[in-house]
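Notes follow the structure.
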Amino acid sequence: MSYSIKQVYQRLHKHHGAQDWWPGDTPFEIMVGAILTQNTAWSNVEKAITNLKASDCLDAAAIVALQHDELAQMLRPSGYFNIKSKRLQAFCEWLLAQGGEQSVAEYETEAMRQALLQVYGVGPETADDIVLYAFHRPVFVIDAYTRRIFSRLGIISGDESYEALRGLFEATLKGKAALYNEYHALIVIHGKEVCRVKPQCHVCALKDKCSYISKP
DNA sequence: ACCCAGGGTCATA
DNA sequence: TATGACCATGGG
């Protein structure tokens with residue numbers, strides 16, 4: 001007998017505590033982080049954001065004004081720096097064209113997602129990171145950890161579409177933004193601290209023996 | 001020395 | 001629509 005989606009949340013929260021995500025002081029920093037962390041360890045993203053801050057460039061207008069190569073060098077530690085330089089500038093161009101964060105905040109949630117998905121370099125997960133963590137809207141973010149954990153728990157097959165999984169989690173939890181915020185954060189923290197660092201973690205592999213999830 | 005990270009785009013069939 | 005190549009640094 002495996003745990004339900006709700007029960008997994010209870011256990012993650014009990015063992016890891018409140019995460020109070022996303023790391024970042026401002027909505028804009030959160031959005032930048034969402035793009036830079038694509039398929040990249042967060043520790044590397046922090047170095048790139050530090051570079052941007054040091055050059056006083058953590059600002060849409062400043063980023064757009066930079067030369068591509070100049071920005072790429074600041075993003076270097078976060079990997080894929082040429083592509084991310086292009087993506088980050090495309091995103092900042094879009095943000096400025098929208099009229100800034102305040103204007104984006106006027107979108108209804110689904111319209112906001114769709115608008116973000118049109119931006120070069122912004123896919124479903126990045127869009128939902130922004131919608132949830134920068135704008136506090138109730139969308140459940142699906143990432144590789146989510147697929148890994150819940151497929152190993154036997155709750156999903158793992159090859160469902162992004163939208164199918166988002167629909168499943170949102171329909172099951174019927175939660176508010178604060179719950180989705182916390183749950184996704186817990187999944188990532190658990191994935192980082194347990195699933196990868198401790199390969200013997202049994203949330204994923206041996207369910208009933210995981211010291212973080214399965215023991216009461 | 002190898003593996004893979006809090007993905008997304010693009011070309012090809 | 002469904003795969004595969006590609007992007008690239010840094011920590012384990």
Side-chain angles (χ1 to χ4, degrees), chain A residues 8-9 12-13 16 18-24 27 29-52 68-94 113-135 139-152 156-166 169 177 180-201 203-205 212:
Chain A
V8 170
Y9 174 78
L12 285 171
H13 191 273
H16 295 285
Q19 299 304 308
D20 197 26
W21 258 24
W22 177 291
E29 185 175 340
I30 290 168
M31 297 189 263
V32 170
I35 292 169
L36 296 185
T37 199
Q38 291 169 356
N39 202 40
T40 300
W42 181 256
S43 56
N44 288 351
V45 176
E46 287 182 314
K47 300 180 206 292
I49 290 180
T50 296
N51 289 343
L52 290 171
H68 168 86
D69 290 343
E70 207 173 353
L71 178 57
Q73 285 314 305
M74 291 192 238
L75 302 185
R76 194 170 185 277
S78 73
Y80 304 136
F81 51 83
N82 285 314
I83 268 193
K84 284 177 178 173
S85 176
K86 189 175 164 188
R87 290 181 183 177
L88 189 53
Q89 287 193 313
F91 175 77
C92 290
E93 298 263 13
W94 172 82
R113 293 186 75 249
Q114 293 307 318
L116 282 162
L117 288 171
Q118 301 307 310
V119 182
Y120 172 80
V122 178
E125 184 180 338
T126 305
D128 287 344
D129 279 338
I130 292 171
V131 170
L132 176 60
Y133 291 103
F135 293 98
V139 295
F140 195 95
V141 178
I142 304 297
D143 67 345
Y145 288 133
T146 312
R147 290 179 188 276
R148 186 186 307 167
I149 293 173
F150 289 94
S151 64
R152 289 179 182 176
I156 63 175
S157 71
D159 58 359
E160 294 91 342
S161 71
Y162 183 94
E163 282 304 300
L165 289 177
R166 186 170 73 88
F169 279 83
Y180 297 155
N181 176 322
E182 189 63 20
Y183 203 159
H184 176 65
L186 285 166
I187 286 170
V188 174
I189 291 300
H190 185 76
K192 278 168 40 171
E193 296 187 355
V194 183
C195 296
R196 196 168 76 82
V197 178
K198 301 178 182 175
Q200 75 276 23
C201 169
V203 174
C204 307
Y212 286 80

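Within every chain, numbering begins at 1; the chains are lettered A, B, ... in the order of the sequence lines, protein sequences first and strands thereafter.
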Dot-bracket summary - DNA chain B, pairs being Watson-Crick or G-U whose distances fall under 3.5 Å, with | when paired to another strand:
.||||.|||||||
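- When the side-chain nitrogen and oxygen atoms of N44(A) are compared with OP1 and OP2 of dG11(C), none of them lie within a distance under 4.0 Å.
- Remark: the backbone N or O of G158(A) is paired with a side-chain donor or acceptor of R147(A) at under 3.5 angstrom.
- When heavy atoms are screened at a 4.0 angstrom cut-off, K47(A) is found touching the sugar-phosphate backbone but no base atom.
- Shown here are the salt bridge (charged side-chain N to carboxylate O under 4.0 Å, His left out) partners of E29(A), two or more places apart in sequence or in another chain: K53(A).
- The two atoms that bring L75(A) and A48(A) nearest to each other are CA-CB, 4.0 Å, heavy atoms only.
- Taking the nucleotide of DNA chain C with the nearest heavy atom to each of T40(A) and S43(A), the more 5' of the two is matched to T40(A).
- Using a 4.0 Å heavy-atom criterion, one finds that R87(A) contacts the bases of the nucleic acid, with or without backbone contacts as well.
- Summarising the geometry of I49(A) relative to W42(A), their closest heavy-atom pair is CD1-CH2, 4.3 Å, with the distance given to 0.1 Å.
- Considering only the side chain of I83(A), dA8(C) comes nearest among dG10(C), dA8(C), dA5(B).
- In this structure, D129(A) reaches neither bases nor backbone, as no heavy-atom distance under 4.0 Å exists between it and the strands shown.
- Taking atom P in both dC4(B) and dA5(C), one finds a spacing of 15 Å when rounded to whole Å.
- In the displayed structure, D159(A) atom CG is contacted under 6.0 Å by more than 12 heavy atoms of other residues, nucleotides or ligands.
- Among the heavy atoms of the strands lying under 4.0 Å from V122(A) are primed sugar atoms or P, OP1, OP2 only; no base atom is included.
- A donor-acceptor pair shorter than 3.5 Å can be found between the side chains of T146(A) and D143(A).
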